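Working notes, beginning with the structure itself.
Bear in mind the structure is a predicted one, so any value in this text is a computation, not a measurement. When reading the values below, keep in mind they use all heavy atoms of this one structure, side chains included, and skip hydrogens, waters and symmetry mates.
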Number of protein chains: 4
Amino acid sequence: MHTTEKKRSDPERIASRRKQVLDAAESCFGSSGFHGASMAEISKAAGMSAGHIYNYFDNKDAIIAAFVQQNVERVSTLLGDLAQREDPLQALLDDIDRSVSDNLQPGVWKLLLEIWAQSAREPGIAKLAQDADRVSRTELHCLLKRGRAMRGWATDDAALMARIEVMIAIFQGLHVRPILSPDLDARAVTEATRLAMLPLLMTE
Amino acid sequence: MHTTEKKRSDPERIASRRKQVLDAAESCFGSSGFHGASMAEISKAAGMSAGHIYNYFDNKDAIIAAFVQQNVERVSTLLGDLAQREDPLQALLDDIDRSVSDNLQPGVWKLLLEIWAQSAREPGIAKLAQDADRVSRTELHCLLKRGRAMRGWATDDAALMARIEVMIAIFQGLHVRPILSPDLDARAVTEATRLAMLPLLMTE
Amino acid sequence: MHTTEKKRSDPERIASRRKQVLDAAESCFGSSGFHGASMAEISKAAGMSAGHIYNYFDNKDAIIAAFVQQNVERVSTLLGDLAQREDPLQALLDDIDRSVSDNLQPGVWKLLLEIWAQSAREPGIAKLAQDADRVSRTELHCLLKRGRAMRGWATDDAALMARIEVMIAIFQGLHVRPILSPDLDARAVTEATRLAMLPLLMTE
Amino acid sequence: MHTTEKKRSDPERIASRRKQVLDAAESCFGSSGFHGASMAEISKAAGMSAGHIYNYFDNKDAIIAAFVQQNVERVSTLLGDLAQREDPLQALLDDIDRSVSDNLQPGVWKLLLEIWAQSAREPGIAKLAQDADRVSRTELHCLLKRGRAMRGWATDDAALMARIEVMIAIFQGLHVRPILSPDLDARAVTEATRLAMLPLLMTE
DNA sequence: AATGAATGAGTTTTCATTCAT
DNA sequence: AATGAATGAAAACTCATTCAT
């Protein structure tokens with residue numbers, strides 16, 4: 001049991017255990033919300049005793065924070081893809097189909113709403129979310145600036161940033177729609193979204 | 001006992017007491033969220049014992065429900081104004097300045113997020129919010145159809161409804177932005193919003 | 001309103017109000033038990049505000065006590081009837097039919113059980129019930145002694161009192177039976193009761 | 001950790017904890033009644049925090065139910081003894097001394113009254129008590145029928161069952177007597193009880 | 001005499017967190 | 001490393017009782 005290998009405590013075992021907890025938390029938070037999910041529930045889903053979780057996280061808030069961190073980082077990944085593309089403006093337009101239908105998926109918006117609502121209450125959570133959002137905005141700003149440069153358009157940084165705010169608003173707003181309008185027509189909404197995005201992206 | 005006024009029992013005293021509780025709840029919900037706000041906290045803010053609140057509301061959920069109801073009804077009022085205007089399409093465009101800065105007000109978005117998150121969890125709350133949203137959508141649909149008719153444009157109902165979804169998404173998304181991007185430039189965002197709204201409103 | 005008559009406060013109006021409350025209490029106690037019946041419930045049944053009841057009773061316990069008092073006194077009335085009869089032993093036997101079916105009535109045993117259980121907890125209530133029971137026992141003892149004298153039987157007071165205890169036990173036990181054995185055959189039980197009573201009454 | 005014993009988790013530790021709670025409940029229920037006994041009181045008597053009790057019982061009602069179940073089962077044990085005896089009729093007569101003095105024990109009748117009163121209110125409790133009572137009646141019916149057969153007596157089932165009802169009524173009534181007549185003469189009552197039981201048991 | 005608004009103490013119950021093993 | 005028994009603080013809610021009117 002203690003030759004030298006595997007079981008010996010620290011390096012990646014801890015990371016694996018934390019992931020195990022965060023995955024369990026994701027499922028619990030999704031069905032019950034941050035408050036509604038009890039440590040007992042999470043520990044059962046994680047296949048780990050409640051007490052043991054405290055060896056990996058200081059307290060429940062730390063789990064929430066780590067979970068939020070993990071989720072706000074996901075967005076960056078998406079932007080990374082865009083950065084690879086030749087013409088980012090066109091790429092964004094082309095991706096609208098996929099983005100819209102992604103955003104309308106339940107299970108996604110449930111958790112995002114939970115995160116946003118929590119950000120509105122807990123400054124600590126707000127900071128995490130704001131930092132990630134700022135990074136995304138900046139990255140997007142770079143991309144778009146490049147795309148505009150390709151087309152020979154001058155860029156007013158403040159104006160472009162405002163357009164980015166509205167573009168993100170559209171997608172984040174689309175997260176809210178399925179809650180309030182469960183029967184919306186996803187295909188038609190995709191069309192309309194493209195209509196709104198077009199001037200934001202393709203106008204000098 | 002004085003003239004005819006206040007004190008003796010039922011008709012509007014109850015309404016006034018309920019309002020007193022709902023106002024207190026609004027402030028507590030705003031700072032602590034639905035779950036975080038305790039009845040003790042609310043009762044203190046309402047200047048009323050916790051036990052007494054139960055003479056006006058069956059339980060805490062009933063307070064939340066009444067609060068949500070009150071807030072989702074506010075939107076209808078706004079649409080009522082629009083209905084008065086001669087050219088609703090133009091009116092919407094003209095109002096963007098005000099709408100955007102309204103949506104960026106803190107205290108508004110805090111509570112709306114709370115409501116949306118709660119709708120994602122509690123079917124009862126979801127129903128309230130969905131019903132109100134449906135009414136607003138329908139009303140808006142009427143208005144826009146009329147505006148389009150004035151211009152001699154034909155209307156594909158499904159397509160128009162999808163545009164409405166996106167327009168609402170923009171404004172609801174703008175509620176989320178100040179949480180994640182507290183330093184955004186409201187003026188510039190207003191401009192960008194107009195840019196996105198234009199094709200949704202003014203395209204055949 | 002204040003000529004001299006009626007409304008002028010004290011003498012019997014108070015008694016009438018108290019009765020009004022006690023009647024209401026009887027119905028509430030019957031359906032909810034002493035603890036389960038709230039003052040609000042009682043006050044509604046009495047057609048009187050909760051606060052006003054406190055002008056006639058010091059507190060809820062006083063209502064319970066008065067109610068118990070009222071009920072334990074009822075028994076005395078029944079014994080009064082027997083005292084009129086020429087041959088009390090025979091009278092008791094003759095009355096078994098009626099007594100048994102009385103005791104099996106629901107609504108009677110519910111309240112009696114409540115009273116007995118309360119007596120087992122509250123010494124104050126116990127005293128009321130014990131005093132009334134002692135009076136009944138003594139009265140019954142007199143009656144039976146007279147009946148035995150008529151037959152020329154000598155009486156060992158202690159032994160006769162013990163028989164009385166058992167006779168009362170039979171009837172009080174019959175109060176319990178319908179709770180535990182809701183389908184019992186009342187006619188057949190009457191027969192069996194007579195069988196058990198006979199030696200207690202008619203043996204030298 | 002020592003040998004094989006106690007400490008580690010489930011099988012009988014839970015049973016032991018439940019018993020610990022039920023014993024505490026017995027003492028609290030005895031002095032304060034089901035309603036009067038608070039979880040705080042019970043938890044103190046059980047030497048366990050109130051919250052912890054909820055790991056063993058769903059809620060207070062479940063404690064009451066388990067307690068009632070435990071108590072109504074006790075009766076069956078007594079009947080089991082009788083079944084062993086050669087002549088059950090004679091055995092019942094012989095046991096009257098012991099049965100009567102058992103029934104007059106305080107602490108027994110307190111709790112039984114509580115149970116009966118609770119049965120009169122809560123259908124769930126009523127069912128437990130009725131089921132146990134039915135079993136006892138049936139068992140007793142068997143025994144007596146056998147005893148009668150030994151003597152060559154024919155048995156009218158309904159009539160015999162009615163006698164059983166009365167016999168049980170006598171003993172259950174004797175539970176009530178000490179509350180209302182605390183100074184009764186136990187010896188003399190035993191004699192009188194035998195007098196009443198005799199025709200119920202020994203008559204064709 | 002009468003109301004019912006208002007209180008506050010007390011109830012059951014939940015749950016994050018700790019700690020002996 | 002891992003458990004889960006145990007705690008204690010807080011939550012929502014109820015209700016007898018009081019008191020201004």
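Computed from coordinates, the D:Glu41 CD to E:dG10 P distance equals 13 Å when rounded to whole Å. For D:Met48 and F:dG8, the CE to P distance is 13 Å, given to the nearest whole Å. Atom CD1 of A:Ile53 is separated from atom C1' of F:dG4 by 12 Å (rounded to the nearest Å). Rounded to a whole Å, the CD1 atom of B:Ile42 is 11 Å from the P atom of F:dA11. Put simply, NE2 on A:His35 is 11 Å from P on F:dA12, counting in whole angstrom units. Rounded to whole Å, atom P of E:dT12 lies 16 Å from atom CG of D:Asp58. Regarding B:Lys60, its NZ atom lies at a distance of 19 Å from the P atom of E:dT13, rounded to whole Å. Whole-Å rounding puts the C:Tyr54 OH to E:dA1 P distance at 17 Å.
Pairing each heavy atom of A:Ile179 with each of B:Gln130, the nearest pair is O-NE2, 2.9 Å. Closest non-hydrogen pair, D:Ser119 versus D:Ile125, comes out as OG-CG2, 3.6 Å. For the pair D:Ser31 and D:Glu41, the tightest heavy-atom approach, listed with the atom from each and the gap, is OG-OE2, 4.5 Å. The two residues A:Phe34 and A:Glu114 have their closest heavy-atom pair at N-OE2, 3.3 Å.
F:dA10 and E:dT13 make up a base pair, with Watson-Crick or G-U wobble contacts both under 3.5 Å. Remark: E:dT21 base-pairs with F:dA2. Criterion, Watson-Crick or G-U wobble with two distances under 3.5 Å.
Counting non-hydrogen atoms under 4.0 angstrom, B:Phe57 reaches nothing in the nucleic acid. Using a 4.0 Å heavy-atom cutoff across all strands shown, B:Ser49 reaches at least one base atom of the nucleic acid. Across all strands shown, C:Ala37 has heavy atoms under 4.0 Å from sugar-phosphate atoms exclusively, and none from any base.
Each of A:Asn55 and B:Ser38 was matched to the nucleotide of DNA chain F holding its nearest heavy atom; the match closer to the 5' end belongs to A:Asn55. Both C:Gly36 and D:Ala50 sit near DNA chain F, but only D:Ala50 has its closest nucleotide nearer the 5' end.
Of the candidate nucleotides F:dT17, F:dA2, E:dT17, F:dT17 has the atom nearest to the side chain of C:Met39. Of the candidates F:dA16, E:dA1, F:dA1, the closest approach to any side-chain atom of C:His52 belongs to E:dA1.
The side chain of C:Arg13 contributes an N or O atom lying less than 4.0 Å from OP1 or OP2 of E:dA2. Distances shorter than 4.0 Å separate some side-chain N or O of C:Arg17 from OP1 or OP2 on E:dA2.
Looking at heavy atoms from C-beta onward, B:Met39 lies in side-chain contact with B:Ile53 at the 4.5 angstrom threshold.
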